[in-house]
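These notes are about the structure you will find just below.
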Amino acid sequence: MAKQQANWSPYDNNGGSCVAIAGADYCVIAADTRMSTGYNILTREYSKICKLADKCVMASSGFQADVKALQKQLAARHLIYQHQHNKQMSCPAMAQLLSNTLYYKRFFPYYSFNVLGGLDNEGKGCVFTYDAVGSYEKVGYSSQGSGSTLITPFLDNQLKSPSPLLLPVQDAVTPLVEAEAIDLVKTVFASASERDIYTGDKIEIVVVNATGIRREYMELRKD
Amino acid sequence: MFRNQYDTDVTTWSPAGRLFQVEYAMEAVKQGSAAIGLRSKTHIVLGCVNKANSELSSHQKKIFKVDDHIGVAIAGLTADGRVLSRYMRNECINYSFTYESPLPVGRLVVQLADKAQVCTQRSWKRPYGVGLLVAGLDESGAHLYYNCPSGNYFEYQAFAIGSRSQAAKTYLERRFESFTDASRDDLVKDALMAIRETLQGETLKSSVCTIAVVGVGEPFHILDQATVQQMIDAFEIVGEQEGPAAAGQEASAEPEPEQGGAAAGEGVAPMDI
């Protein structure tokens, strides 16, 4: 008897791309707002970005039901942290919490591909990139989702720093200023939406800096 | 209080139908430093007296934020209070997670009361030695509840618990009719005046008291010392004048519980205050 294959999957992929870039005193996190299933669009105005703490923002692509559940979990854990420590979680602390939360479901994972962005304890920009089960790394920039294969090579070309294994240790954050980084993000999404069918409609761009959190939008191709 | 053969554990009734261990737990509340609460239609103010053990130590935290819309002030065994606050915080977080809306205050106090009741009916447990003033805002308006170690809870317009709380209660009884429509600032002022009553002549300064507010459009938060001091200075309280009058009232209030307990079967059990 041939091995039985599952005729139902608990997962779906709602598509979309996310990008985050860390600067010296800011962090840019962006994601498109298209939510799709198969070859259909479910909505053109879905936010994949979630503010987890004062200086910590997460963008996730993948299965949005799992993403929503993950966001709720992290928000609840953050409340507990605030009750116990009387302060907000820092971005590196949230990064570890996200990793642990993802690995907790190692054997029925959150189908969620995350980038976490924000300011660390010294006010410098930081970006953390994850796989679905919690393996994470602090990087200067990152991209996840359906357009990541198109976006990452371009970011590498513009931003790639020498390997962190080389000495002397070089900063992972980009020397670009905030406006240049935002421009780069817009360019990158415009290119990705040309070739990736799941990326398009609008970009939501969130900028975290010392003054707080700012949001802006840019229109993309609707096809 | 009094020692007798029916007060060894919480699961023993006295012939008069009382659970002495529970009543002793309520004594613990009366020994703790004072906490007061009062509410208007839109705001609730909690206040408490902070007495540090010595000049070297910091004072105990007696007001806890439970959620954006609920806060609690405690009197009695503060350790028990801390544990119950943690329970309340958890309940609020879990409710929010499931229903995406804030836990109604009335539900929370019932859960708290049921939790306290369990400890009055298990031989291996003891009652919580802490009284809680729960202040919360929900769809049905502003609420102030008092949760007892006995597992009872009551809703109040204004209340005071802890040592010398009778003085504050007298003040609140005089003034409570004006609370419903009072402004937020007037409410805080009344809270400070009530706390002053419990201080028995000591000067009211922001270092001896803590004030917290929750209201419509205002999540629960503890006012910082500078703000409280400003409000105290703003209406210039002079502590000494009130001292003798309050002391006289307090002396007459104390003997009552003694009489009620000593005579078997006489008087209402203290739980029904």
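Throughout, a chain's letter reflects where its sequence line sits, starting with A, and its residues are numbered from 1.
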Open item on the list: Are there over 12 heavy-atom neighbours, none belonging to K68(A), within less than 6.0 Å of that residue's NZ?
Closed with: no
Open item on the list: Measuring from atom NZ of K65(B) to atom CG of L79(A), what distance do you get when rounded to the nearest 0.5 angstrom?
Closed with: 8.0 Å
TODO: Decide yes or no for K72(A) and E100(B): does some side-chain heavy atom of the first lie under 4.5 Å from some side-chain heavy atom of the second?
DONE: yes
Task: Euclidean distance, D67(B) CG relative to H83(A) NE2, rounded to 0.5 Å - done: 6.0 Å
Open item on the list: To check you understand the geometry: which heavy-atom pair defines the closest contact between F97(B) and Q73(A), and what is its length?
Closed with: CE1-N, 3.6 Å
Task: Residue E155(B) excluded, over 12 heavy atoms near CD under 6.0 Å - done: yes
Task: Greater than 12 external heavy atoms within 6.0 Å of R214(A)'s CZ - done: yes
- [ ] Flag yes if more than 12 heavy atoms outside Q60(B) fall under 6.0 Å of its CD atom; otherwise flag no.
- [x] no
